[in-house]
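Reading through the structure tokens given below for one structure.
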Amino acid sequence: MKHWVKGLVFGAATGLMGAILGLSQIGTDFEQNVGLDWLFNIRGPIPPPGNAAVIAINKNAADSLGLPPLPRDWPRSIHARLIENLIERGASVIVFDMDFQRPKDGIDDREFGKAIADSGKVVLFERLDGMRQPVFNINGQQTGTIWTEQLVPPIPVLNESAIAIAPFPLPKVQVNVYQFWAFKPSVGDAATIPAAALQVLALSVYDRWVEMLKRAVAPGIDKIPPRRVEVRNAADLSQLMISLRHAFRSDPLLEERMEEAVEHEQINDREAGLIKALIRLYAGEDNHYLNFYGPPGSIPNIPYNAVITGEAPGLDPLALDLTGKVVFVGYSDLYDPGQPDRFYTVFTRNDGVDLSGVEIAATAFANMLTNRTLRPAGMTSTAVILMLTGLILGSGIYLLSATIAVPLALLLSALYIAGVQYAFNSADLWLPLATPILVQLPVALFVGLLAQYVAEARNRRHLKAVFGRYVPPEIVDEMSRHPDQEFSVEGESRELSVLFCDIRSFTTISESLPADELKKLLNHFFTPMTRIIFEKRGTIDKYVGDMIMAFWGAPVHDPGHCQHAVEAALAMLNELQGMRDEFREHNWPEVNIGIGINTGLMNVGDMGSEYRRAYTVIGDAVNLGSRLEGLTKYYGVRLIISESTAEGLEEIVLRRLDRVRVKGKNKPVFIYEAVGKQGSVPDELVNEVSGSNQALDYYFSGDWQKARSAFQRLRDTVPERKLYALYLDRIDELQSKNRKEGWDGVFEHTSK
């Protein structure tokens, strides 16, 4: 399987793992307990809407009014006074999040009921009792249990007076609360306190609302009261809300028709806002995620005693202006961590003070009225997001090198966090956060980097197995550090430099030594020569008898392959000079070598048969390199390089030797002797080489007289140099045959 395919498979697996986790209950709880808390904490508190307030009952309020600490012990006549004062201060709806299931003083109860009835704006708490009931078969044997829930209304005198009664159960995850019910399916889709408060507030636009429902052909519209005056009590309101809930549930397109109707209706912003809130309420889910505004007290908490007396220490008098507000009455103490009605939330204070149940009810109501409940991503969106994040992170980390993959993954994760936080802050949209960042990212990093390590180790072993016999270890290490590059043994054409090194008169040497001594001599010769080739980034092609064949530029691309090949050849010649004393110590004959180097297009790769294969080079350029090694004896030099090799050299002293056409080749080439590196060649030799090159200029221009004079001077100065005698003889022959017309200076070698 190709590397990129493996990367995509790993990315898809990371995405699938995240999607499965994200859609499971474990993943949902993880996102709630970690991701959602993270989003709330980074966002911080936000201003609550001004249409809700809490009337806080607590120990301070009780002490101020001279009442018992617990509100259950208060006379209910005090609540009647509270209602009257709230109405005077402009409250639109009054919600009591308190239990009134037991009768107390009859006079007080009737006084409280009368105040409720006179206001026509009070929503009372209805207790929801749940218990397990045994299930029996026809033989009277218990077969199991079922969970049942039952609504327990307040006492009749209060129940008959209220405009609405409703429960307020809160789904809890361990000790945390994240959601609230708008409708409770387990008790016949009964509306909860926030939903009932919203509907009571919207009774001010009831007649217009009903007319719009009629025009939108809402199912069962004939079952609801046609006018506001006919909604007289809690029973009427409960039946109204259940009917509307069923209408929107049975006709999914009703929501769209009603929203279009609002856009075309000539109504003010307040009325339009209320009608839109009703549409969302009845068409929405049974439960919603709370969008907390901040720590306890974020929704204004007005002391109960302040409403009764008109003042309270440190209270801004403007806070008692409740015009148009929905007020929630219940136990709320901003200073007591042990208050009886409390819930742990992300905004629980460091001193342990939690949000009270009544403030959560007010929060839920405000969320629905202003359309700011949290909107979690749906199952499809969650799956797609987690699949994509897993695919991107997993594939990227697997396919890219660690030095790129890790910073890039962290950068992409930071951008994802920023995008999710922006959606949360600006649109109340809750997207998966904990699963991608705390599960998929670490898994992708760990598994991806581990896979890279394993693949790199396997690749290193493979490279060493394939190339370790031919190239130096540091080249193999370099190849293993670049897993993104393909180092293939398949044949490919590439410009390379090839070197042939041969021991002179090897037949004579082999005849003079026993076989075991000849083996020692060759090993002693090959070892330093191979080391030099490796040091100069060369690849050993083969050893054939006394001959070494090596090349440069593969398997790793080497732009300086010409330079490295020639530097290796010069180092080999110097090394051989130093080995002569060692050879004499072993009573071995003196060894001389000839080296030929050519540069050109060659085919390199793993070649051979099914029985034996080798990583080698073939082609005309290789053959020319072999011919050049053979010409070293003819010209009396130890190293010959081709014109194409010379063109790629820097700071090498070159002696031009000839323009030749070797056996089996039609195209002539200039050949050179690489004398040494500039700065290391003695001045006398540099001057000699310069004179030799000048003499050849005369020769190739056909000026035999100047060429003869120049070569004669060189021969007199350096009589042991075979090259000068060779050219003197060649000039004599050319002059005797009077070869000048059409002469191109090419000398054709007819032997290998």
Side-chain angles (χ1 to χ4, degrees), residues 495-507 525-526 529-530 532-533 536-554 561-577 591-602 604 616-649 652-677 689 721-723 726 746-752:
E495 184 185 87
L496 307 172
S497 292
V498 64
L499 175 149
F500 287 86
C501 172
D502 195 38
I503 297 178
R504 301 274 178 81
S505 305
F506 181 71
T507 302
F525 169 75
F526 284 144
M529 298 300 145
T530 301
I532 291 171
I533 291 171
K536 296 298 181 179
R537 300 176 64 83
T539 298
I540 296 295
D541 187 301
K542 62 176 69 74
Y543 305 102
V544 181
D546 61 319
M547 186 267 289
I548 302 174
M549 178 180 173
F551 55 88
W552 279 257
H561 55 82
C562 299
Q563 187 80 17
H564 293 148
V566 172
E567 288 178 355
L570 293 172
M572 292 165 70
L573 294 173
N574 289 335
E575 182 72 19
L576 184 63
Q577 191 70 24
V591 170
N592 291 303
I593 61 175
I595 301 176
I597 300 176
N598 182 42
T599 298
L601 194 64
M602 308 172 195
V604 58
T616 186
V617 289
I618 59 173
D620 287 344
V622 178
N623 298 334
L624 179 56
S626 176
R627 301 289 189 272
L628 295 182
E629 183 278 320
L631 293 181
T632 56
K633 290 178 283 188
Y634 176 82
Y635 290 97
V637 296
R638 297 186 296 170
L639 171 59
I640 294 179
I641 66 174
S642 67
E643 180 180 2
S644 56
T645 301
E647 290 173 352
L649 299 180
I652 300 293
V653 177
L654 298 177
R655 183 201 309 270
R656 187 162 50 173
L657 296 177
D658 205 350
R659 187 169 186 240
V660 301
R661 184 182 291 112
V662 299
K663 182 175 176 61
K665 304 295 178 185
N666 294 322
K667 183 179 179 181
V669 293
F670 280 104
I671 60 175
Y672 299 81
E673 177 192 6
V675 179
K677 298 188 72 173
V689 170
R721 191 79 68 195
K722 181 180 179 181
L723 179 67
L726 184 152
V746 175
F747 185 82
E748 186 164 350
H749 288 275
T750 57
S751 61
K752 295 184 179 179

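Residues take their numbers from the sequence shown, with the count starting at 1. Source: prediction; values computed, not measured.
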Quiz item: Say you draw a straight line from OH of Tyr672 to CD1 of Ile640; how long is it, rounded to the nearest 0.5 Å?
Solution: 13.0 Å

Exercise. Return yes if a side-chain donor-acceptor contact under 3.5 Å exists between Thr599 and Thr645, otherwise no.
Key: yes

Quiz item: From Thr507 OG1 over to Asp546 CG, what is the distance, rounded to the nearest 0.5 angstrom?
Solution: 7.5 Å

Quiz prompt | Non-hydrogen atoms of Phe500 and Met547 that approach each other most closely | solution = CD2-SD, 3.9 Å

Quiz item: Does any non-hydrogen side-chain atom of Thr632 lie less than 4.5 Å from one of Asp502?
Solution: no

Quiz item: Looking at Ser497 and Ala565, what are the two nearest heavy atoms and their distance?
Solution: CB-CB, 4.1 Å

Quiz item: Does a side-chain heavy-atom distance below 4.5 Å link Met572 with Cys501?
Solution: yes

Quiz item: Does Asp541 reach the main-chain N or O of Phe551 with its side chain, forming a donor-acceptor pair under 3.5 Å?
Solution: no

Practice problem: Enumerate the residue pairs fulfilling salt bridge (charged side-chain N to carboxylate O under 4.0 Å, His left out) with a member in residues 667-677, sequence neighbours excluded, ordered by first and then second residue. | Solution: Glu567-Lys677, Arg655-Glu673

Practice problem: Count the heavy atoms of every other residue, nucleotide or ligand shown that sit under 6.0 Å from NZ of Lys633, and state whether that count exceeds 12. | Solution: no

Quiz item: Name the one of Leu499, Val544, Val622 that satisfies side chain to side chain contact (heavy atoms under 4.5 Å, CB included) with Met549?
Solution: Val622

Practice problem: First locate atom CG of Leu573, then atom CD1 of Ile532, and finally report the distance between them rounded to the nearest 0.5 Å. | Solution: 9.0 Å

Quiz item: Under a 4.5 Å cut-off applied to non-hydrogen side-chain atoms, are Ile597 and Leu628 in contact?
Solution: no

Quiz item: Does the Thr539 side chain pair with the main chain of Ala554, one donor and one acceptor, at a distance under 3.5 Å?
Solution: yes

Quiz item: Hey, does Val669 have a side-chain heavy atom less than 4.5 Å from the side chain of Val660?
Solution: yes

Exercise. Kindly assign one of parallel, tilted or perpendicular to the pair His749 and Tyr634, based on the angle between their ring planes and the thresholds 30° and 60°.
Key: perpendicular

Practice problem: Any chance you could measure Ile540, atom CD1, to Ile533, atom CD1, to the nearest 0.5 Å? | Solution: 3.5 Å

